[in-house]
Engineer: 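What follows is a structure written as structure tokens; I'll ask about it next.
Basis for what follows: all heavy atoms, side chains included, without hydrogens, waters or symmetry-related copies.
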Amino acid sequence: MMDQNHHSDKTAEAQPSEKKKTRNCCNGFKMFLAALSLSFISKSLGAIIMKSSITQIERRFDISSSTVGLIDGSFEIGNLLVIVFVSYFGAKLHRPKLIGIGCIIMGTGSILTALPHFFMGYYRYSKDTAFNPSENSTSSLPTCLTNQNLLPNRTSLEVVGKGWEKDSGSYMWIYVLMGNMLRGIGETPIGPLGISYIDDFAEEGHSSLYLGNLLAVTMIGPIIGFLLVSQFSKMYVDIGYVDLSTVRITPQDSRWVGAWWLGFLAAGLISIISSIPFFFLPKTLDKPNKEKKASASSISLPMQNEEKSQMASLTKTGQNVTDTVTGFFQSLKSILTNPLYVLTLFLTLLQASSHIGSITYIFKYVEQQYGKSASETSILLGFITIPSLAAGMFTGGFIVKKFKFTLVGIAKFALCAHSISFLFHLINFALICENKSVAGLTLTYDGNTPVASHLNVPLSYCNSDCNCDPTQWEPLCGSNGITYISPCLAGCTSSSGSKKSIVFHNCSCVEENGFQSKNNSMKLGECPKSDDCKRKFYIYTVAQILILFSASLGSTSTIMLIFKNVEPELKSLAMGFHSLTIRTLGGIPAPIYFGALIDRACMKWSINNHGKQGACRIYNSSLYGHTFFGLTTALKFPVIILFIVLISAMKKKYQGKDIKASENETKAMNEANSGPLINDVKVDHETHI
């Protein structure tokens with residue numbers, strides 16, 4: 001009787017203890033989920049800030065678009081440097097701490113990206129004309145004075161030289177590249193290790209819900225990013241260091257650089273803060289009761305048997321490694337000789353390359369093509385991109401689930417979505433604006449005759465005696481709607497006022513209705529875009545919404561095709577190799593060759609104090625648009641052909657088999673989660689997510 005009472009007391013004591021452990025497990029898991037959500041937000045925030053700041057970085061460091069493309073691709077380079085280490089060792093080590101370390105590295109990379117701002121001199125937006133923003137006079141803006149030589153410009157350079165030694169023509173952009181690479185290294189463990197941790201310790205059947213919530217919360221990052229960039233782009237780059245009343249350019253000017261560095265500082269601090277909770281989380285959480293009971297027997301084994309098993313495993317280590325390597329290469333050979341997988345791999349690579357190139361330079365395109373400021377562009381693209389992509393992915397997933405497509409049906413749906421997106425994409429060619437009328441680039445300097453090439457345009461009668469420096473870029477807008485490169489090249493002989501209110505008088509190259517107007521006055525700044533171009537911009541905005549929505553319709557289907565056309569035990573390897581291919585052949589080279597081709601459309605380059613080519617001041621709008629969309633079209637069109645070939649091959653393979661995707665998805669995922677076997681060697685599928 002006493003024994004029974006004693007046993008009941010132990011049971012009563014054990015129940016609260018078990019509840020407490022369950023509560024602690026839930027609290028630990030919720031803490032991990034909250035911390036991971038913040039890290040995902042900071043990750044997406046940093047990515048959007050980098051993409052949105054491409055134009056600002058190009059101007060600040062006086063570099064070409066292809067160089068900026070290299071900086072953008074350095075993120076993928078950093079990712080690839082450690083992805084193998086993270087994939088192999090990640091699940092074996094302390095995953096929360098690894099994620100925390102990754103967040104710190106990611107934050108450090110963002111802060112390193114912003115650091116050059118503090119070590120460079122003030123931004124000299126008018127170094128083409130040796131303009132010093134601390135001066136209040138207009139003497140550094142050369143006008144047309146006969147018998148004037150370039151000595152005043154040199155004198156101005158000497159005056160300005162003090163305090164400007166560290167100019168943007170140096171190689172400080174390398175620190176931006178290194179910072180972005182660090183950001184890629186730090187980002188690597190967050191996704192795969194975080195998702196695998198959720199999958200391991202979430203309640204059975206709840207992991208998909210948690211992952212869905214995680215991806216939904218991640219959208220907060222881009223929203224914050226677009227808003228921050230929009231605000232920071234309005235602020236002058238050297239805010240807090242110079243008197244803003246002396247800055248005479250506006251955000252619409254092609255030389256304007258906003259406070260790009262503030263966004264990276266914000267993203268870096270958020271990343272570092274998000275790392276803190278991970279260091280207080282355990283390596284593993286309490287497993288469900290069934291798993292505990294299953295593991296109890298192994299804990300109660302005699303120590304002698306455990307030691308024997310350890311000795312046996314040590315003697316077979318060499319053989320296991322050999323089997324693992326052999327199994328890996330046999331599995332890799334299996335997926336690379338699978339024609340359906342290879343076709344899907346190629347078409348997704350082309351799709352990814354077109355998307356990466358477009359996303360990288362879409363901000364620059366809108367600014368240059370439609371005359372929008374960086375702030376306006378960021379807020380506009382933010383409002384149309386996020387809702388369109390989210391609605392498209394949700395609708396696409398719903399359609400596939402609702403109609404229960406077969407595998408061939410999934411491929412057909414993806415083809416239809418891509419084809420519709422491609423047709424909408426072709427509308428962009430009709431929305432390209434005409435070139436601006438620029439004297440000395442698209443017209444002769446007197447503004448009367450179009451020129452065949454913008455190179456080496458000869459001087460006209462109105463400015464041939466002015467001894468102007470042809471490398472200057474200080475645009476003015478004439479009353480005739482023509483933009484002039486500089487006051488000197490416009491034939492202006494005098495000026496009045498200061499800074500933003502400078503007015504130039506007696507500009508002999510300005511003609512109205514074919515008659516020279518000696519008393520014509522001009523103000524600084526390029527002429528605005530035509531009314532026709534403004535109307536095209538509104539149509540362009542609607543077209544982008546349709547393109548993004550239709551493209552994202554088939555995104556889920558395309559991803560399903562990657563792992564549904566391989567053997568169930570090879571799904572993880574197929575996804576991992578696909579991700580590696582996209583990053584290596586898409587993420588790194590695409591921004592570089594897109595940028596190199598865009599550079600060919602430049603009509604006027606800045607010249608830094610070292611006499612080297614800097615950033616582009618004005619583009620040939622027509623050539624820029626046709627190059628940008630032409631390259632995207634060249635990548636998108638072959639995808640349609642590859643889809644048709646893929647569907648034909650799938651019909652032959654699955655002829656007579658009516659496999660419903662929704663019916664097999666659960667079974668396939670269960671097989672993958674049970675630990676796929678490749679030649680009797682277990683593959684850690686979570687490392688390839």
Side-chain angles (χ1 to χ4, degrees), residues 21-22 24-44 46 78-109 182-215 217-218 221 270-288 291-292 294-295 298 324 571-573 575-576 579-580 583 669 672-676 682-689:
K21 285 184 178 179
T22 304
N24 290 337
C25 171
C26 292
N27 291 339
F29 183 79
K30 289 179 180 178
M31 181 179 176
F32 176 82
L33 195 61
L36 190 66
S37 298
L38 184 58
S39 67
F40 266 63
I41 290 172
S42 64
K43 181 178 73 168
S44 58
N79 204 293
L80 291 172
L81 288 176
V82 295
I83 194 170
V84 175
F85 173 84
V86 170
S87 298
Y88 185 76
F89 293 104
K92 300 175 175 61
L93 301 176
H94 197 299
R95 280 179 286 182
K97 286 186 178 179
L98 275 180
I99 295 173
I101 293 171
C103 289
I104 292 176
I105 295 174
M106 187 169 63
T108 303
L182 265 183
R183 200 171 61 83
I185 292 173
E187 186 262 359
T188 306
I190 297 174
L193 299 188
I195 293 174
S196 66
Y197 197 87
I198 291 176
D199 188 53
D200 286 347
F201 301 111
E203 295 178 33
E204 187 176 354
H206 285 64
S207 59
S208 59
L209 174 64
Y210 290 131
L211 291 177
N213 292 337
L214 178 66
L215 295 177
V217 170
T218 303
I270 294 174
S271 295
I272 293 174
I273 291 172
S274 70
S275 71
I276 297 174
F278 291 108
F279 294 100
F280 297 94
L281 289 166
K283 181 178 180 180
T284 58
L285 297 172
D286 291 336
K287 297 181 179 180
E291 294 187 21
K292 287 182 183 177
S295 61
S298 64
T324 301
K571 291 177 185 292
S572 299
L573 181 61
M575 290 297 293
S579 176
L580 182 68
R583 289 180 181 277
M669 291 304 294
N673 289 335
S674 64
K682 188 172 182 179
V683 176
D684 187 11
H685 65 275
E686 67 193 19
T687 60
H688 296 295
I689 295 177

Engineer: What is the distance from atom NE2 of His94 to atom CG of Leu193, rounded to the nearest 0.5 Å?
Structural biologist: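 Spacing of NE2 (His94) from CG (Leu193) equals 12.0 Å.
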Engineer: For Phe32, check ring pair (Phe, Tyr, Trp, His ring centres under 6.0 Å) against everything at least two apart and list the hits.
Structural biologist: Tyr197, Phe278
Engineer: Could you measure the distance from the CD1 atom of Ile273 to the OG atom of Ser42? Nearest 0.5 Å is fine.
Structural biologist: 10.0 Å
Engineer: Can a donor-acceptor pair be found, under 3.5 Å and without considering hydrogens, that links the side chain of Ser579 to the backbone of Met575?
Structural biologist: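 Between the backbone of Met575 and the side chain of Ser579 there is no qualifying donor-acceptor contact (under 3.5 Å).
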Engineer: I need the Ile195 CD1 to Arg95 CZ distance, nearest 0.5 Å.
Structural biologist: 12.0 Å
Engineer: For Thr218, is there any backbone N or O sitting under 3.5 Å from a side-chain donor or acceptor partner on Ser44?
Structural biologist: yes
Engineer: For the NZ atom of Lys43 and the OG atom of Ser274, what is their distance to the nearest 0.5 Å?
Structural biologist: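 The OG atom of Ser274 is 11.0 Å from NZ of Lys43, to the nearest 0.5 Å.
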Engineer: Return the set of residues passing side chain to side chain contact (heavy atoms under 4.5 Å, CB included) with Ile101 (not counting sequence neighbours), or none when no residue passes.
Structural biologist: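 By the side chain to side chain contact (heavy atoms under 4.5 Å, CB included) rule, Ile101 matches Ile105, Phe279.
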Engineer: Grab the two heavy atoms, one from Gly109 and one from Leu182, that are nearest each other, plus how far apart they are.
Structural biologist: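 Looks like CA-CB, 3.7 Å.
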Engineer: For residues 185-192, which side-chain donor-acceptor pairs fall under 3.5 Å, sequence neighbours excluded?
Structural biologist:
residue	atom	partner	partner atom	Å
Glu187	OE1	Asn79	ND2	2.7
Thr188	OG1	Gly184	O	2.9
Thr188	OG1	Ile185	O	3.3

Engineer: Please assess Ile270 against Ile41 for the test side chain to side chain contact (heavy atoms under 4.5 Å, CB included), listing each intermediate value before the final yes or no.
Structural biologist: CA-CA 9 Å; Ile270 294 174; Ile41 290 172; 5.6 Å; no
Engineer: Checking Val217 against Phe40 for the side chain to side chain contact (heavy atoms under 4.5 Å, CB included) test, could you report, in this order, the C-alpha distance in whole Å, the side-chain angles of both residues, the deciding distance, and whether it holds?
Structural biologist: CA-CA 8 Å; Val217 170; Phe40 266 63; over 6 Å; no
Engineer: Between Pro96 and Ile99, is any pair of side-chain heavy atoms under 4.5 Å apart?
Structural biologist: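 SC-SC contact between Pro96 and Ile99 ruled out.
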Engineer: Tell me the closest heavy-atom pair linking Ile272 and Gly107, and the distance in Å.
Structural biologist: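 Heavy atoms only, the tightest pair is CG1-CA, 4.1 Å.
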Engineer: To the nearest 0.5 Å, tell me how far Lys283 NZ sits from Leu98 CG.
Structural biologist: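 Reported value, rounded in 0.5 Å steps: 10.0 Å.
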Engineer: Return the minimal non-hydrogen interatomic distance between Cys103 and Ser271, and the atom names on each side.
Structural biologist: CB-O, 3.4 Å
